[in-house]
Amino acid sequence: MKAIVVEKFGGPEVLKLKDVPEPKAGPGQILVALKAIGVNPVDTYIRAGTYTRKAELPWTPGTDAAGFVEAAGADSPFKVGERVYVYGAVGGVYAEKAVVESSRAFPLPDALSFEQGAAIGVPYATAHRALFLSGGARRGETVLIHGASGGVGVAAVQLALSAGLIVIGTAGGDDGAAFLKSIGVSYALDHRKPGYAEQVLKLTDSKGPSLIIEMLANVNLADDLRIAAKRGRIVIVGSRGPVPIDPRDAMTKDLTVRGMSLWNMTDAEREHVHADLAKGFADGSLKPLIGAKFPLAEAAKAHAAILAPGARGKIVLIP
Ligand code: NAP
């Protein structure tokens with residue numbers, strides 16, 4: 001079968017399409033014929049070799065995918081032919097097939113395409129964990145989703161709206177703000193426009209949002225601390241470097257700043273989160289949005305695209 005193989009860390013060009021032996025499902029595992037694969041920013045950090053999590057080379061990237069069960073090992077609850085989405089494989093998922101522990105596969109609802117299934121694992125679970133477990137989101141309060149147009153942002157918008165929050169979302173450019181309006185945010189702002197943080201204050205009667213889900217803390221944390229409401233919570237989901245802040249902003253308002261890494265999700269949390277997501281897929285409140293699609297052979301282009309501005313939903317690879 002074909003798979004992307006990384007033999008040395010580096011730029012997107014190290015992602016090479018190769019012929020590799022087909023994996024076999026052991027007890028409790030399934031072999032999934034993949035139809036769509038989700039690309040996450042973390043795949044690019046690990047590929048570059050600069051991330052805290054180091055991959056063992058040769059390495060096939062990827063965590064999120066969807067497809068058909070092609071073979072089921074003993075003790076797997078899945079049946080051959082079932083549509084599934086997966087979060088994590090025994091090897092990576094940038095491939096035509098992957099072996100997955102049954103606990104990391106979930107039935108793909110009929111209403112969702114394989115591409116939508118590939119947009120769930122990291123983005124929706126991250127958004128869910130950031131909003132509810134780390135952020136303690138409550139009906140009726142205002143959340144600023146700072147970076148709402150990408151994979152995690154769109155998921156966070158849908159989850160927050162469905163939980164009855166007022167959502168201020170940011171994206172880059174007028175087209176980004178228009179995109180956010182189209183997915184139903186209460187207020188859409190352009191994070192490239194100087195002074196947009198002041199707009200957040202205006203929209204909240206100078207009180208500030210009580211919850212901020214932050215996708216780029218190294219750029220925004222100082223402003224977040226400044227504009228958050230008294231006793232507000234800021235959840236750091238994304239950060240690509242250090243940032244100077246004024247801790248007094250946190251002190252004077254009793255703010256809570258929490259980091260959140262999906263890698264720390266326990267098995268019990270994973271079960272709870274995906275069961276909750278299934279309700280949203282069933283009632284139509286959660287609908288993954290696909291931004292750009294690339295053939296598996298063009299994984300390098302997808303890696304360049306996911307780090308470029310202009311995210312509009314999830315980037316997927318088609319094997
Ligand atoms: P993505 O699809 O590439 O989206 C990136 C988002 O960041 C877009 O909405 C983009 O908006 C926005 N952005 C760009 N400049 C910004 C700025 N100055 N202020 C605020 N937002 C800005 O990536 P993703 O999958 O949604 O992931 C978002 C971040 O969370 C990444 O850094 C990723 O590594 C991280 N992440 C963390 C975890 C975790 O466990 N902690 C899990 C998943 C992802 P425009 O493109 O419209 O400008």
Side-chain angles (χ1 to χ4, degrees), residues 38-48 50-53 61-64 87-88 118-131 133-135 144-159 167-183 185 188-197 199-200 212-224 227 234-241 243 257-266 269-270 273 288-292 302-316:
V39 176
N40 288 295
V42 69
D43 305 341
T44 72
Y45 316 151
I46 300 174
R47 184 216 68 226
T50 52
Y51 196 52
T52 41
R53 277 168 66 102
T63 306
D64 296 342
Y87 164 67
I120 298 172
V122 170
Y124 276 82
T126 297
H128 193 287
R129 202 166 183 263
L131 276 168
L133 184 79
S134 307
L144 169 64
I145 300 178
H146 215 162
S149 49
V152 178
V154 167
V157 167
Q158 294 177 354
L159 283 161
V167 176
I168 303 175
T170 80
D174 288 341
D175 61 319
F179 170 75
L180 294 184
K181 276 287 178 196
S182 77
I183 62 167
V185 296
L189 297 174
D190 173 359
H191 51 224
R192 287 187 212 144
K193 238 181 215 161
Y196 77 93
Q199 282 292 116
V200 176
I212 299 179
I213 304 297
E214 181 53 60
M215 305 302 166
L216 202 55
N218 55 303
V219 173
N220 297 320
L221 187 58
D223 266 346
D224 291 343
I227 65 175
I234 299 168
V235 181
I236 298 174
V237 172
S239 188
R240 293 178 179 166
V243 57
V257 180
R258 294 190 72 168
M260 198 296 294
S261 172
L262 190 65
W263 306 113
N264 298 330
M265 181 162 70
T266 63
E269 282 168 12
R270 190 175 63 236
V273 165
L289 291 183
I290 305 307
H303 271 213
I306 198 154
L307 293 184
R312 304 290 176 261
K314 186 77 211 157
I315 294 180
V316 294

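Heads up: numbering here begins at 1 and tracks the sequence. Everything quoted here is computed from the prediction, not taken from an experiment. Start at 1 and go down the list; that is how both ligands and their atoms are numbered.
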N/O donor-acceptor pair under 3.5 Å between T44 side chain and H303 backbone: no
Report every pair formed by an N or O atom of ligand 1 and a protein N or O atom separated by less than 3.5 Å, giving atom names and the distance to 0.1 Å.
unit_1: ligand 1; atom_1: 2 (O); unit_2: G151; atom_2: N; d: 2.9
unit_1: ligand 1; atom_1: 3 (O); unit_2: I306; atom_2: O; d: 3.2
unit_1: ligand 1; atom_1: 9 (O); unit_2: S149; atom_2: N; d: 3.1
unit_1: ligand 1; atom_1: 9 (O); unit_2: S149; atom_2: OG; d: 2.8
unit_1: ligand 1; atom_1: 9 (O); unit_2: G150; atom_2: N; d: 3.1
unit_1: ligand 1; atom_1: 11 (O); unit_2: S149; atom_2: OG; d: 3.1
unit_1: ligand 1; atom_1: 11 (O); unit_2: H191; atom_2: NE2; d: 3.4
unit_1: ligand 1; atom_1: 19 (N); unit_2: N220; atom_2: ND2; d: 2.8
unit_1: ligand 1; atom_1: 21 (N); unit_2: H191; atom_2: ND1; d: 3.4
unit_1: ligand 1; atom_1: 26 (O); unit_2: G151; atom_2: N; d: 3.2
unit_1: ligand 1; atom_1: 26 (O); unit_2: V152; atom_2: N; d: 2.9
unit_1: ligand 1; atom_1: 32 (O); unit_2: Y45; atom_2: OH; d: 3.2
unit_1: ligand 1; atom_1: 32 (O); unit_2: R240; atom_2: NH2; d: 3.4
unit_1: ligand 1; atom_1: 34 (O); unit_2: Y45; atom_2: OH; d: 2.5
unit_1: ligand 1; atom_1: 40 (O); unit_2: L262; atom_2: N; d: 2.7
unit_1: ligand 1; atom_1: 41 (N); unit_2: V237; atom_2: O; d: 2.9
unit_1: ligand 1; atom_1: 41 (N); unit_2: M260; atom_2: O; d: 2.7
unit_1: ligand 1; atom_1: 46 (O); unit_2: G310; atom_2: N; d: 2.8
unit_1: ligand 1; atom_1: 46 (O); unit_2: A311; atom_2: N; d: 2.8
unit_1: ligand 1; atom_1: 47 (O); unit_2: S149; atom_2: OG; d: 2.8
unit_1: ligand 1; atom_1: 47 (O); unit_2: G172; atom_2: N; d: 2.9
unit_1: ligand 1; atom_1: 47 (O); unit_2: R312; atom_2: NH1; d: 2.9
unit_1: ligand 1; atom_1: 48 (O); unit_2: G172; atom_2: N; d: 3.4
unit_1: ligand 1; atom_1: 48 (O); unit_2: H191; atom_2: NE2; d: 2.8

Side chain to side chain, V219 and R240, heavy atoms closer than 4.5 Å: no
Side chain proximity check, L262 to N264, heavy atoms < 4.5 angstrom: no
D174 CG: over 12 foreign heavy atoms closer than 6.0 Å: no
NZ (K181) with more than 12 external heavy atoms under 6.0 Å: yes
Positive for side-chain hydrogen bond (donor to acceptor under 3.5 Å, both in side chains) with T170, one of R192, K193, H191, Q199: H191
